[in-house]
Protein chains: 2
Amino acid sequence: MGRLPVYLRALVEMAERGALTASSEAVAEAAGVNPPKVRKDLSNLGIAGTRGVGYDVAYLIHQIRSELGLTQRWPVLIAGVGNLGHALANYKGFDERGFEVVALVDADASLVGQEVAGGLVQDIANLEAIAREKEVAIGMICTPADAAQGAADRMVAAGIRSILNFAPVLITAPPEVAVRQVDLSVELQILAFYEQRREALGRLAHRDPL
Amino acid sequence: MGRLPVYLRALVEMAERGALTASSEAVAEAAGVNPPKVRKDLSNLGIAGTRGVGYDVAYLIHQIRSELGLTQRWPVLIAGVGNLGHALANYKGFDERGFEVVALVDADASLVGQEVAGGLVQDIANLEAIAREKEVAIGMICTPADAAQGAADRMVAAGIRSILNFAPVLITAPPEVAVRQVDLSVELQILAFYEQRREALGRLAHRDPL
DNA sequence: CAGTGTGAACCTTTTCACAGCA
DNA sequence: TGCTGTGAAAAGGTTCACACTG
């Protein structure tokens with residue numbers, strides 16, 4: 001369930017503010033959803049609150065963390081150390097949430113050997129060996145589009161079963177490998193779609209008032 | 001419809017390879033969905049193909065572009081020129097798809113005046129004036145979490161009606177403003193969830209074979 | 001009384017099957 | 001014959017109302 005991380009973020013913030021208990025309404029507001037959805041989600045997860053009071057924040061955080069597998073740290077590998085790869089390697093939020101960038105690889109020989117975010121960039125040709133040695137669980141692809149599938153194939157060969165792909169192409173992988181696609185310009189295009197619609201509606205409204 | 005940009009990407013790739021016509025099956029495969037979905041989507045959009053042949057690639061590209069509002073260029077402003085903002089300012093894919101980064105702003109005085117991706121970083125205090133002057137349509141928030149809502153408020157005040165938020169917080173805006181949230185560590189957490197489930201299932205299978 | 005837990009209604013999306021046309 | 005166009009069925013997810021309990 002994709003909402004769990006959002007609930008978790010909201011709950012951690014509440015806990016930091018000293019809240020001991022939280023109603024479904026409070027969680028819903030902080031997560032941007034409606035209260036029944038929160039209750040259903042938690043109920044489906046087998047998490048119970050206290051009627052008339054709400055949910056125990058600390059317990060709820062623990063339960064969601066364990067459901068999300070965040071009670072352990074996950075070693076992450078980044079393939080492609082261009083602008084985006086560089087930015088992600090330096091992103092503090094990953095470490096805070098239990099993800100540790102343990103390896104950086106790139107195909108560009110001029111980048112190999114350079115230090116980025118406290119780690120050395122290695123040759124992508126060695127991806128498999130590196131991933132196995134560091135027991136990488138999650139791979140992030142930040143290469144250009146034409147190198148993405150190759151990077152994915154190496155990751156699969158290395159036994160990586162979770163891939164986060166930022167390259168603007170569809171990559172294919174065996175069904176046992178979970179692939180998530182994040183295409184930044186797709187997000188912009190969706191916004192442009194709404195802008196476009198708004199303008200079209202505006203023209204319509206102007207043409208035919210009321 | 002969030003699939004349109006993906007279809008578009010697939011179709012542009014096909015066109016570059018010289019395809020003049022494409023069946024719903026071909027588009028579906030390239031976009032990672034099933035053929036009936038492609039047909040339904042296009043049908044709902046009022047786009048018709050030729051029975052027995054498929055869709056005219058060039059016409060389809062044109063139609064989807066116009067539906068997505070990509071026949072015009074959109075001026076984009078980036079708030080927060082840290083690692084991520086820097087990477088996005090340099091990202092070529094935006095320009096190729098009709099998005100032009102026309103302004104960069106940051107709250108950090110040591111960054112203001114610096115040149116990033118061929119543009120000068122300006123003070124976030126001037127966001128409203130800059131956005132109005134450049135007629136910015138879309139704002140991207142790449143600030144730390146605690147500065148995100150402030151940046152959003154300035155954008156709304158500047159008349160920006162589409163916001164893409166990369167900060168790991170929920171930002172609120174008036175209903176007429178379209179907000180999309182992209183949280184990179186949420187994506188990782190979802191992958192961790194699958195890893196976690198796989199391990200749990202693995203243990204189960206091991207305990208009770210067949 | 002405040003706020004959870006949940007079954008039932010509801011709505012949207014996806015899938016299917018097949019009729020219909022170049 | 002091949003592939004589109006589309007209603008009808010199925011699935012999935014969301015909302016609602018309200019019984020229930022600490």
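Protein chains get the first letters and strands the later ones, always in sequence-line order, with residue 1 at the start of each. Given the structure is predicted, the values throughout are model-derived calculations rather than measurements.
- Looking only at side-chain heavy atoms (C-beta outward), B/Leu188 and A/Phe94 come within less than 4.5 Å of each other.
- Atoms CZ (A/Arg39) and P (C/dG7) sit 14 Å apart, rounded to a whole Å.
- In terms of position along DNA chain D, the nucleotide closest to B/Glu25 lies nearer the 5' end than the nucleotide closest to the other residue of the pair A/Arg51 and B/Glu25.
- B/Asp41 places its CG atom 7 Å from the P atom of C/dT14, with the value rounded to the nearest Å.
- Looking at B/Trp74 and A/Gln189, their side chains never come closer than 4.5 Å, going by heavy atoms from C-beta outward.
- Taking 4.0 Å as the cutoff to heavy atoms of chain A, we find the contact window on DNA chain D bounded by D/dT14 to D/dG22.
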Secondary structure of DNA chain C per the Watson-Crick/G-U criterion (both distances under 3.5 Å; [ ] crossing, | other strand, . unpaired) is ||||||||||||||||||||||

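- The listed nucleotides are C/dC18, C/dG7, C/dC21; the one nearest the side chain of A/Lys40 is C/dG7.
- Distances shown here put a side-chain N or O of B/Arg3 below 4.0 Å from the OP1 or OP2 atom of C/dT14.
- Residues A/Asp41 and A/Tyr7 bring a donor and an acceptor atom of their side chains to less than 3.5 Å of each other.
- When only modelled atom types and interatomic distance are considered, B/Ser24 and B/Arg39 share a side-chain donor-acceptor pair under 3.5 Å.
- Atom-to-atom, NZ of A/Lys37 to P of C/dG3 comes out at 21 Å; the value is rounded to the nearest Å.
- For C/dA22, the OP1/OP2 oxygens have no side-chain nitrogen or oxygen of B/Tyr55 closer than 4.0 Å.
- Counting only distance, with no hydrogens or angles, the side chain of A/Asp95 and the backbone of A/Glu100 share no donor-acceptor pair below 3.5 Å.
- Using a 4.0 Å cut-off, some side-chain N or O of A/Ser24 falls inside it from OP1 or OP2 of C/dT4.
- Contact annotation: B/Asn34 side-chain N/O to C/dT15 OP1/OP2 distance is under 4.0 Å.
- With A/Asn126 contributing its side chain and A/Gln122 its backbone, the two residues share no donor-acceptor pair below 3.5 Å.
- The main-chain N or O of B/Ala48 is never found under 3.5 Å from a side-chain atom of B/Gln63 such that the two would form a donor-acceptor pair.
- For the residue pair A/Arg97/B/Ser185, the side-chain donor-acceptor check at 3.5 Å is satisfied.
- When each of A/Pro36 and B/Thr50 is assigned the nucleotide of DNA chain D bearing its nearest heavy atom, the one mapping closer to the 5' terminus is B/Thr50.
- Per the geometry, CG belonging to A/Asp56 stands 16 Å off P belonging to C/dG3, to the nearest Å.
- No side-chain donor-acceptor contact under 3.5 Å links A/Ser162 and A/Arg180.
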